[in-house]
Amino acid sequence: MSHEFNDDVGKKMGMWIFIFTELFLFGGLFLVYAVFRANYTEGFHSAAADLDAFVGTLNTVILLASSATVAMSITAVQKGNNKLALRFIIVTVILALAFMVNKYFEWGHKFDLKLYPGSEIMEQLGKGEILFFGLYYMMTGLHALHVIIGVVLLMISYFKVKNGTVNSQKFIFLENSGLYWHLVDFIWIFLFPLMYLVT
Amino acid sequence: MEDKKHHISSFNSLLMVLIGLFIMTGISVMITEIHFSTFSVGVALLLASIKGYLVLTYFMHLKYDEPIFRIMVFLILLLFAIVIGITFIDYLLR
Amino acid sequence: MESTQATNHVSYLQHKPHKIGILNWILSTDHKRIGLLYLYSIMVFFIVAAFLGLLMRIEKFAPGETIMDAQTYNGVFTVHGIIMIFIIVIPGLAAVFGNFFLPILIGAKDVAFPKLNLFSWYIYIAGAILALISQFASGGAPDTGWTFYVPYSADSSTNVIWALTAAFILGFSSILTGLNFIVTIHRLRAPGMSWFRMPLFPWSIYATSWIQVLATPIVGITLLMVIAERTLNIGFFDPALGGDPILFQHLFWIYSHPAVYIMILPAMGVVTEIFPTFSQKPIFGYSAIALSSVAIAAVGYFVWGHHMFTTGISYWSRWFFSFLTFIVAVPSAIKVFNWISTMYGGSIDLKPPLLWAIGFIFLFMIGGLTGLVLGALATNVHVHDTTFVVAHFHYIIFGGMGFAFFAGLHYWFPKMFGKMYNIKLANISFIITFIGFNVLYFPLFIIGLQGMPRRYFDYFPEYQYGHVISTIGAFILIIGIFIMLFNFFRGARKGEIAPANPWKGVTLDWQIESPPTLLNFDEIPVITEKPYTFKKEEEA
Ligand SMILES: [Cu+2]
């Protein structure tokens with residue numbers, strides 16, 4: 001058993017526990033989703049048809065790829081190749097930004113169609129549709145917030161790799177940022193079919 | 001602390017996992033195109049679970065880390081499933 | 001006492017790296033100082049919230065408007081609830097004694113993440129200040145009750161958003177503290193301290209921390225949903241838009257029932273430390289107590305629906321929740337039997353900590369047994385939303401958690417401050433508080449059974465006897481508590497110097513100096529036996 005305060009297993013455990021709380025934070029919304037989907041199956045179907053499955057799929061591919069690249073950056077650091085690791089991190093950040101740009105246009109398009117909570121068009125929709133869009137905005141919005149936090153963590157990791165504080169001996173910070181980034185991916189993996197594929 | 005060497009995932013294995021994830025994404029999109037309604041959602045969720053499993057195991061390195069992490073993750077997901085189940089005792093039987 | 005040895009041998013209270021006094025506190029990452037920061041903040045808020053409680057009791061002294069109107073009364077009971085629940089009892093024992101004694105009891109120098117620990121306190125203070133602002137800001141004090149039930153919380157024109165945000169932020173602090181403690185217990189136990197050689201207070205903190213980590217985010221997202229409901233008109237909980245107010249209650253109680261265990265488990269842990277010491281006997285049923293903490297945490301997560309029996313949830317789910325509620329009483333009862341068995345045949349030393357701990361058992365039993373009245377489907381309907389419920393949870397939360405908190409303070413005070421309080425005065429304050437408590441809350445059981453609803457500022461004349469007795473009890477209680485606080489303040493300022501081990505305890509906290517040095521231990525101890533192993537006199 002270790003008594004060092006820089007105990008890497010302990011830090012990783014801390015990150016995992018934080019991830020659990022994040023899972024339960026989204027879990028509350030998934031629970032709400034499940035209940036309303038059971039109550040308004042039809043409305044959820046027709047509302048989900050308004051979402052662009054292509055954009056959703058594209059974003060899924062982007063996030064999956066970014067998850068792989070951040071894992072590869074850890075491998076590169078562990079092998080002592082910091083330069084390669086930096087490239088992988090940059091690719092990850094670029095993919096994350098691409099995700100956000102997509103999201104921006106997707107939300108923008110919805111707003112152009114006046115599909116947002118409280119709008120006149122929304123109020124004429126059925127109850128299932130209203131709830132679906134409420135959940136859509138809340139869940140993807142909260143997810144986007146996590147993307148931003150993840151990007152910040154990745155940027156910090158970038159500088160730590162660059163100045164050598166993260167190296168082949170000590171890489172827990174990058175590992176933990178990576179874990180957080182995978183969490184963002186993990187949640188999206190479930191959001192994607194529930195939002196875009198229930199048609 | 002450094003008693004056993006830290007496992008390093010190879011680039012190849014990570015790439016294979018990514019390809020697997022892409023393929024499953026493709027399948028779930030295609031299945032919903034066929035409009036099986038409830039059935040297709042079930043399959044899409046099943047595929048999502050497999051994808052989640054892959055991410056947890058390989059990307060998040062659970063397979064090679066201390067067993068305690070695997071136990072924790074399993075119990076947490078189980079807990080969430082139970083909470084959903086109990087809530088639905090109310091909603092399905094009302 | 002005034003050891004002038006190497007700098008690392010100074011007591012934590014004398015260790016002052018900063019010139020400006022306050023910085024030694026607000027920049028300190030020492031778990032002991034952070035524990036005291038929580039203690040002082042909780043004390044201040046406790047006095048505020050207790051004062052609000054007293055105001056409510058005065059209002060109820062006579063039927064009709066006595067000192068405040070109905071709307072003021074709504075605000076007062078809401079803010080009383082929010083402060084008491086989110087700022088005092090939920091962090092309460094875990095943040096004060098958990099911070100101070102968890103590392104010491106497991107033989108560690110600090111918690112796993114000391115900076116995060118200090119950060120949690122800052123978040124806590126931010127949330128607490130926000131809660132206070134909600135009381136005084138222009139919209140008027142929130143009047144929803146601490147439970148924030150929709151649809152009213154989505155409509156009320158008062159400062160509900162402030163209060164919701166405050167609760168959200170306080171929850172975040174609670175999560176980070178829990179996270180810190182879990183990692184601490186997993187990674188920083190002294191060599192040789194296996195799980196089943198760990199004292200029982202850390203066990204209870206471990207179970208508590210998991211609830212904090214896994215239940216709090218649910219209420220966090222729920223509060224965010226209510227905020228979204230108010231600001232964005234989303235409709236999750238609004239039937240007009242297809243939403244479901246009952247769903248809010250599900251989500252809210254998924255957290256808030258386990259939150260009761262966040263409050264009570266560390267309290268059980270504290271008295272579990274006290275009984276062996278004052279009986280000079282090993283704890284009876286060590287593993288049963290350790291595992292019952294975990295069992296309470298696990299089963300307690302699945303009983304939330306017993307708050308919703310009258311809302312129209314399905315028959316089977318009422319059945320299920322009622323059944324599990326009875327099940328979760330079993331591990332609590334196991335603990336009670338073990339505490340009593342620990343005292344049986346021991347050489348009992350009736351010092352103030354033990355008095356408070358016995359008071360805890362007595363009141364907790366009343367609270368627990370009346371809980372079964374509420375957990376049973378048929379009787380629940382009769383007493384639902386009456387003062388019976390109010391009395392029940394004050395017996396559990398104040399009589400349980402509160403009395404255990406005071407027991408812990410009397411137990412560990414000499415260790416924390418290196419000074420002793422006046423034992424005689426402590427006994428007197430216990431007796432007055434105990435009497436005041438029962439006079440205050442017991443009549444509420446009776447008028448509750450007779451039909452007095454909770455949260456009403458007015459009542460029919462036939463309830464006046466109960467209310468008058470209860471209000472008299474409130475004054476007795478306040479006097480008792482002030483005597484206790486006075487005793488502590490006097491003790492801390494000019495009490496006798498306390499020896500390292502005034503109660504002849506055997507756990508690690510009593511093997512180090514009073515007050516502890518900055519790093520607790522000169523040398524990390526190696527654990528070779530179970531905790532609570534009392535040596536015979538001659539060996540000492
Ligand atoms: Cu409850």
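Letters A, B, ... mirror the listed sequences (proteins, then strands); counts begin at 1.
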Which atoms of A:I187 approach chain B - backbone, side chain, both or neither, heavy atom under 4.5 Å: neither
For chain A, which residues of residues 84-94 of chain B have heavy atoms nearer than 4.5 angstrom: B:I84, B:T87, B:F88, B:Y91
Okay, A:F171 and chain B: the region with an atom under 4.5 Å from a heavy atom over there is side chain
In terms of heavy-atom proximity below 4.5 Å to chain B, should A:L191 be classed as side chain, backbone, both, or neither? neither
B:I19, part contacting chain A, at a heavy-atom distance under 4.5 Å: neither
Please name all residues satisfying salt bridge (Lys or Arg N to Asp or Glu O under 4.0 Å) with A:E129, sequence neighbours left out, ordered by chain then number. none
B:V17, part contacting chain A, at a heavy-atom distance under 4.5 Å: neither
Please classify the contact between A:F54 and chain B as side chain, backbone, both or neither, with a heavy-atom cut-off of under 4.5 Å. neither
When the 4.5 angstrom heavy-atom criterion is applied to A:A53 and chain B, the contacting part is neither
Contacting region of B:L15 [heavy-atom separation from chain A under 4.5 Å]: both
Checking heavy atoms, do the side chain of A:I74, its backbone, both or neither come under 4.5 Å from chain B? neither
For A:F190 versus B:L45, what's the shortest heavy-atom pair and its separation? CD2-CD2, 4.4 Å
If we define contacts as heavy-atom pairs under 4.5 Å, which of A:L23, A:V61, A:T69 has the most with chain B? A:V61
A:T60 versus chain B, heavy atoms under 4.5 Å apart: side chain, backbone, both or neither? side chain
